[in-house]
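One structure is given below, encoded as structure tokens.
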Amino acid sequence: MIYQRSSALFSEAKKYIPGGVNSPVRAFKAVGGDPIFVKEAKGAYLYDEDGNKLIDYISSWGPLILGHAHEPVLNAVIEKAKKGTSFGMPTEIETELAKLAVSMVPNIDKIRFVNSGTEACMSAVRLARGYTGKDKIIKFAGCYHGHSDSFLIQAGSGAVTFGSPNSPGVTQGTAKDTLLANYNDLEGVKALVAANKGELAAIIIEPVAGNMGCIVPTKAFMEGLRKLCTNENILLIFDEVMTGFRLAKGGAQEALGIKADILCFGKVIGGGLPVGAFAAKEKIMNHLAPDGPVYQAGTLSGNPLAMSAGLAMLTELNNKPGVFQSLADKTEYLHKGLDKVLSKKGLAYQINRFGSMISVHFTEGPVADFASSAKGNNDLFKKYFHGMLHKGIYLPPSAFESYFLNDALSYNDLDETIEALETLNF
Ligand SMILES: *Cc1c(COP(=O)(O)O)cnc(C)c1O
């Protein structure tokens with residue numbers, strides 16, 4: 001395969017866009033080489049600027065759960081666009097999407113639409129603080145909740161229990177209100193809560209993590225978190241930007257059987273257009289402006305094109321609930337196939353999977369938190385990534401990202417992927 005035109009386009013992009021990309025993971029920094037520029041896509045396939053056809057395992061990082069250029073979504077957007085693209089006034093379709101989302105997701109009465117997952121998580125935390133009258137939050141190392149200041153935090157040093165900035169530009173003042181715990185470590189969370197008694201507004205978590213590879217929570221961990229939050233008057237925020245409308249109709253809450261107090265959405269809920277959302281029971285959501293004092297707004301929030309894509313997507317998912325099982329079956333098939341091939345290659349590896357999320361880690365495993373995920377052999381991962389890419393398989397270009405299967409993938413595509421791995425020389 002040749003990537004001549006992609007490389008030329010990347011050189012040109014770098015002149016005018018920092019790093020040549022508008023979101024860092026696209027730049028291939030973790031795997032080396034130049035990124036692939038995509039020209040168009042249909043179903044499970046990407047077609048790049050050099051004319052290569054690739055089987056896509058990222059589905060735009062999750063949103064395109066039914067495949068690229070899915071007709072019902074496409075047609076909804078095209079028809080809507082003819083009637084005007086933005087008004088800054090209420091439209092009926094916002095209520096239609098809100099009503100459908102509320103009917104699909106357990107434990108919520110009201111939902112507010114924003115433009116990205118970042119905005120959803122940022123606003124959810126503000127709402128939690130406004131509702132509880134408390135300042136501090138706990139997040140988990142390796143979980144990603146978008147790029148707002150409160151989340152760009154790493155563990156503090158030594159005896160300090162509060163976090164420190166992990167990006168220049170985030171102030172110490174902001175960092176001190178975000179505490180860090182380790183995924184699947186309930187005792188660690190309990191210790192943080194005890195040391196900050198009465199000061200915690202919320203614990204925010206990816207209920208199945210997808211930003212350090214795919215990491216599944218233990219039942220005891222999740223149940224323990226729920227109980228702890230209830231007992232200590234802390235709001236449990238599920239960041240379902242990845243898992244919402246992907247793991248089940250009702251997202252991770254339904255798949256895990258655990259209720260959260262505030263839910264964050266993004267990705268699938270926008271059907272490939274920029275949409276985020278946060279939702280909760282009425283008594284919490286009523287604290288939000290204009291009903292309540294917690295301010296939150298957006299010029300393009302509830303944009304009609306974005307709403308029409310989201311409505312078409314959720315309508316499809318709501319009308320064919322078998323799609324989640326179909327996706328989970330395909331992911332299990334892929335898991336078994338990759339497992340069979342890798343076990344013959346004599347490498348240390350670990351495959352994690354939940355529903356249609358899956359990741360391969362080149363480590364002895366188990367991979368249950370950020371530290372164990374970070375132990376992965378990145379040289380092997382690079383060879384795996386580039387080897388698969390040369391055989392026409394587009395995997396996430398970082399060992400810290402989950403694959404997102406889409407339902408346009410056929411069993412033939414999965415077989416082709418497994419065969420590609422079989423012929424790969426590490
Ligand atoms: C992608 C993601 C976000 C951020 O969403 P953006 O739309 O990229 O701002 C937040 N949380 C999780 C779990 C995500 O996967």
Side-chain angles (χ1 to χ4, degrees), residues 21-27 57-65 105 112-128 137-153 166-167 178 183 202-217 222 236-247 251-253 255-256 260 262-279 296 298 300-303 306-307 309-310 313 352 354-359 369-370 373 396-406:
V21 293
N22 285 304
S23 196
V25 72
R26 296 178 198 167
Y57 282 95
I58 71 167
S59 310
S60 184
W61 298 104
L64 305 175
I65 191 168
V105 176
R112 169 64 59 85
F113 293 112
V114 293
N115 305 289
S116 67
T118 294
E119 270 188 75
C121 296
M122 176 186 84
S123 307
V125 164
R126 186 182 305 141
L127 177 59
I137 60 168
I138 291 177
K139 83 171 281 284
F140 293 88
C143 280
Y144 181 67
H145 307 293
H147 63 90
S148 87
D149 287 7
S150 298
F151 302 122
L152 297 182
I153 305 297
N166 78 345
S167 164
T178 301
Y183 208 84
I203 296 178
I204 185 166
I205 188 165
E206 290 181 61
V208 173
N211 284 294
M212 39 185 166
C214 170
I215 294 185
V216 183
M222 269 300 168
L236 180 60
I237 304 177
F238 271 10
D239 175 357
E240 295 228 37
V241 171
M242 267 185 190
T243 55
F245 308 101
R246 171 167 285 278
L247 298 185
Q253 280 194 114
L256 301 173
I262 304 182
L263 284 302
C264 303
F265 298 103
K267 301 191 168 120
V268 177
I269 200 172
L273 269 76
V275 182
F278 57 107
Q296 190 278 324
L300 288 172
S301 293
N303 170 269
M307 295 291 102
M313 177 63 86
N352 284 1
F354 193 102
S356 52
M357 293 164 65
I358 182 171
S359 57
D369 57 13
F370 183 66
S373 174
S398 158
F400 288 115
E401 306 287 351
S402 170
Y403 309 9
F404 297 102
L405 272 68
N406 66 71

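Order of listing sets the numbers, starting from 1, for every ligand and every atom in it.
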Item to check | Verdict with supporting geometry, Ser356 and Arg246, side-chain hydrogen bond (donor to acceptor under 3.5 Å, both in side chains) | outcome: CA-CA 7 Å; Ser356 52; Arg246 171 167 285 278; 2.9 Å; yes
Under a 4.0 angstrom heavy-atom cut-off, which atoms of ligand 1 come close to [X]?
X: Glu206; value: 13 (C)
X: His145; value: 10 (C), 11 (N)
X: Ser116; value: 7 (O), 9 (O)
X: Met242; value: 15 (O)

Checklist entry - Considering all heavy atoms of both residues, which atom of Thr178 and which atom of Ser150 are nearest to each other, and what is their separation? => result OG1-O, 2.8 Å
Checklist entry - Parallel, tilted or perpendicular: which describes the rings of Phe404 and Trp61, with under 30° parallel and over 60° perpendicular? => result perpendicular
Checklist entry - Using the benzene-type ring in the case of Trp, are the ring centres of Phe400 and Phe370 under 6.0 Å apart? => result yes
Next on the checklist: Is there a side-chain hydrogen bond (donor to acceptor under 3.5 Å, both in side chains) between Glu240 and Thr243? Walk through the geometry before answering.
Outcome noted: CA-CA 5 Å; Glu240 295 228 37; Thr243 55; 2.8 Å; yes
Item to check | Arg126 and Gln296 side chains, donor-acceptor separation under 3.5 Å | outcome: no
Next on the checklist: Nearest non-hydrogen contact with atom 4 (C) of ligand 1 belongs to which option: Asn115, Val208, Thr118?
Outcome noted: Thr118
Next on the checklist: Could you check whether any heavy atom of Lys267 sits closer than 4.0 Å to an atom of ligand 1, since that is the contact criterion I want to use?
Outcome noted: yes
Residue, atom name and distance, where the atom is the protein heavy atom closest to [atom]:
atom: atom 11 (N) of ligand 1; result: Asp239 OD2, 2.6 Å
atom: atom 7 (O) of ligand 1; result: Gly117 N, 2.8 Å
atom: atom 3 (C) of ligand 1; result: Val241 CG1, 3.7 Å

Item to check | side-chain contact (heavy atoms from CB on, under 4.5 Å) evaluation trace for Met212 with Cys143 | outcome: CA-CA 7 Å; Met212 39 185 166; Cys143 280; 4.2 Å; yes
